[in-house]
Novice: 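The structure follows.
All chains are named by letter (A, B, ...) in the order of the sequence lines, taking the proteins before the strands, and each is independently numbered beginning at 1. Because the structure is a prediction, the values reported are computed rather than measured.
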Amino acid sequence: MKCNTNPVKGMRDFLPSEVRLREYLTGVIARTYAQHGFQRIETPAVEHIELLQNSEGGENLALIFKILKRGEKLDLTKASQNEDELVDSGLRYDLTLPLARFYANQRARLPEPFKAWQIGTVYRAERPQKGRFRAFTQCDIDILGEASEIAELELIHATAEALKAIGLRGFTVEVSDRRVLAALVAALGLDTALTPLVAVCIDKADKIGWEKVIEELVKQGIDQIAAAGLVGVMQSLSLGNLAEHGVSSSVVEALSGVVETAATFAGGDYNVRFAPTLVRGMGYYTGMVFEITTAELGLSVAGGGRYDGLVGKLCGQSVPAVGFSIGFERIVLLLEQQGFTPPVSIPSVALLYNRGECTAHSVITAAEALRQQGYAVRTLPERAKLGKQLSQLEAEGFAGYYSLAKMELVMFERA
RNA sequence: GUGGGUAUAGCUCAGUUGGUUAGAGCACCAGAUUGUGGAUCUGGGGGUCGUGGGUUCAAAUCCCAUUAUCCACCCCA
């Protein structure tokens, strides 16, 4: 039977060369996070559907891959069928929610505050396009149990250091705070329930321009004068004048402190700035939010924020929390665009033998001897057109080859 | 969820206003030659032209549907 050999829509196969780049990157990121004192944890890809759906995950809720009940619990004969009755679990769409559940469940065994890092695949049933897949890898660091902005600073610093270690420069860390916009909305006398709606419109400013933002706001039922007023304030907003617009002094101090301190650690390698239009989609964010963008890629390469309410909803005890996630796939995309190739850890050689002319024993013995010398060795039958084979091996990244017939090791000349 | 592009050999792609047996390069296999490290030459295998309908004497080519894929929007990493 002939069947479709493509991976499922939005999912990908990875070739050896692609995996090599990905492994190199995860290695660099892992090392940086470990240096900053974060501990790796793992959680399952599958979570209870209730957790995923009652999470204020914003638009992501519509994108959950749902998993059918199994066995007798899957009753397809019921008259009134809706999705919820057939589904009991789903694939995670981010790493934050599973972490919050993990923490609520394992808290007794974890240090306080807890600094965790994770790498894992998450799933969203979106329409795939450039830099966007249905299964993709995220690298998260989170601090739970730390209410002060030292947590924000540590996360920004560690994430920026990870990107630097990968070789990225000139990126911009944007910082804002959910409470800024909420204060502005309140100061203008608008219903604060409108804040999330307003946030979505404001978020588009960079793309569609302020004129259009006003139109959008009006379309959402906000009157023209208030909309224009809000946009006017937004355009002139800076760390210096936040207090004049009704933002509480504690928020202003925390925000300026984070932006200024983070900038001193950047040392010219990257930028840190207050970005009033930064909002972010997740509903669970309660305070500061951040994002990292690069000029080369029109997409953000990292995003995060404070979500103080999330753990409390799961275990009843309020636990402050902040997280920052690296969009692994976008880093990969960026490096591929730059033609980046990861450094080789061990030089590899190909051991070429003639089929039929030598025993398996002699092949493996010779290979072992080379491994003892520190090479990674792949045994391969020698082809009739040796020259062609050798050029292919060289292109594949082999440092040299060993001819079993001639008993000699030949290194390729480095161009 | 909305809009657009593409679909021909393992890969990258040609294919004229519809017209005989659908092509090239790369890759693969065999042979020749070079006295065997990439070259050169000859030959070979390999395609239901995404799928299903329709128009026509005749469809890879035109029309419709469908699927896949890529890109953009929404939103996001």
Novice: Got a donor-acceptor contact below 3.5 angstrom from the A:Arg371 side chain to the A:Ala376 backbone?
Specialist: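 No, because the side chain of A:Arg371 does not come within donor-acceptor range (under 3.5 Å) of the backbone of A:Ala376.
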Novice: Quote, to the nearest angstrom, the P distance that separates B:A14 from B:C73.
Specialist: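 One P to the other, the span is 26 Å.
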Novice: With both distances under 3.5 Å as the test, what is the Watson-Crick or G-U wobble partner of B:U51?
Specialist: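 Looking at the geometry, B:U51 pairs with B:A65.
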Novice: Return the 5'-most residue of the pair A:Gln138, A:Lys406 with respect to RNA chain B, ranking by each residue's nearest nucleotide.
Specialist: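 Looking at the nearest nucleotide for each, A:Lys406 comes out on the 5' side.
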Novice: If the cut-off is 4.0 Å, is A:Gln392 near the phosphate of B:C28, judged by side-chain N/O to OP1 or OP2?
Specialist: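 Yes, because at least one side-chain N or O of A:Gln392 sits under 4.0 Å from OP1 or OP2 of B:C28.
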Novice: Any strand counts, and the cut-off is 3.5 Å on both contacts for Watson-Crick or G-U wobble. Which nucleotide pairs with B:C57?
Specialist: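 WC or wobble partner is B:G19.
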Novice: A:Val122 near the nucleic acid: base, sugar-phosphate alone, or nothing, with a heavy-atom cut-off under 4.0 Å?
Specialist: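 A:Val122: no heavy atom of the nucleic acid under 4.0 Å.
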Novice: Remember a base hit wins even if backbone is also touched, and classify A:Lys385 as base, sugar-phosphate or nothing at under 4.0 Å, heavy atoms.
Specialist: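 Contact class for A:Lys385: base.
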Novice: Under 4.0 Å, counting only non-hydrogen atoms across every strand here, what does A:Ser300 touch: a base, just sugar-phosphate, or nothing?
Specialist: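 It contacts sugar-phosphate atoms only.
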Novice: Can B:G44 be described as syn, meaning its chi torsion is within 90° of 0, or is it anti?
Specialist: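 The base of B:G44 is oriented anti (glycosidic angle more than 90° from 0).
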Novice: How far does the P atom of B:C13 sit from the matching atom of B:U55, given to the nearest Å?
Specialist: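 It works out to 34 Å between them.
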Novice: Around atom CD1 of A:Ile150, are there more than 12 heavy atoms from other residues, nucleotides or ligands closer than 6.0 Å?
Specialist: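 Result for CD1/A:Ile150: open.
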Novice: Using a heavy-atom cut-off of under 4.0 Å over every strand shown, decide if A:Gln389 touches base, sugar-phosphate, or nothing.
Specialist: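 No contact.
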Novice: Any base atoms under 4.0 Å from A:Gln129, or only sugar-phosphate, or nothing? Heavy atoms, all strands.
Specialist: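 Base, at least one base atom sits under 4.0 Å.
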Novice: Return the pairing partner of B:C28 with a 3.5 Å limit on both distances, Watson-Crick or G-U wobble; otherwise return none.
Specialist: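 Check on B:C28: paired to B:G44, both distances under 3.5 Å.
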Novice: Which one is paired to B:A72, where only Watson-Crick or G-U wobble pairs with both distances under 3.5 angstrom count?
Specialist: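 Partner of B:A72: B:U2.
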Novice: Please classify the nucleic acid contact of A:Phe328 as base, sugar-phosphate, or nothing, using heavy-atom distances under 4.0 Å.
Specialist: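 Since no nucleic acid heavy atom lies under 4.0 Å of A:Phe328, the category is nothing.
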Novice: So is A:Arg40 actually on top of A:Tyr33's ring, under 6.0 Å and inside 45° of the axis?
Specialist: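 The answer is no; the distance or angle limit is not met.
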Novice: Tell me what A:Phe324 touches on the nucleic acid: a base, only sugar-phosphate, or nothing, going by heavy atoms under 4.0 Å.
Specialist: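 Answer is nothing: A:Phe324 stays at 4.0 Å or more from every strand.
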Novice: Indicate yes or no: at least one non-hydrogen side-chain atom of A:Gln317 is less than 4.5 angstrom from one of A:Arg107.
Specialist: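 A side-chain contact under 4.5 Å exists here.
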Novice: Between A:Arg383 and B:C28, is there a contact of a side-chain N or O with OP1 or OP2 at under 4.0 Å?
Specialist: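 For A:Arg383, the contact criterion (side-chain N or O under 4.0 Å from OP1 or OP2 of B:C28) is met.
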Novice: For B:U21 and B:G47, measure between their C1' atoms and round to the nearest Å.
Specialist: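 Their C1' atoms lie roughly 14 Å apart.
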Novice: Using a heavy-atom cut-off of 4.0 Å across all strands, would you classify A:Leu386 as base, sugar-phosphate, or nothing?
Specialist: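 A:Leu386: backbone/sugar contact only, no base atoms under 4.0 Å.
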Novice: Starting at the 5' end of RNA chain B, which residue's closest nucleotide do you reach first, A:Pro128 or A:Ala302?
Specialist: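 Mapping each residue to its closest nucleotide by heavy atoms, the 5'-most match is A:Pro128.
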Novice: Determine which nucleotide pairs with B:U34, using a 3.5 Å limit on both distances of a Watson-Crick or G-U wobble pair.
Specialist: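 WC or wobble partner does not exist here.
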Novice: Is it true that A:Phe136 and A:Phe328 have ring centroids separated by less than 6.0 Å?
Specialist: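 No, they do not, as the ring centres are separated by 6.0 Å or more.
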Novice: Phosphate oxygens OP1/OP2 of B:U69: is one of them under 4.0 Å from a side-chain N or O of A:Lys9?
Specialist: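 Checking B:U69 against A:Lys9, a side-chain N or O does come within under 4.0 Å of OP1 or OP2.
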Novice: So for A:Glu394 and B:G37, does any side-chain atom that can act as donor or acceptor lie under 3.5 Å from a complementary atom in the base?
Specialist: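 When only heavy-atom distances are counted, A:Glu394 does reach the base of B:G37 through a donor-acceptor pair under 3.5 Å.
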Novice: Rounding to an integer number of angstrom, what distance separates B:G10 and B:U67 when you compare their P atoms?
Specialist: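 So the two P atoms sit 25 Å from each other.
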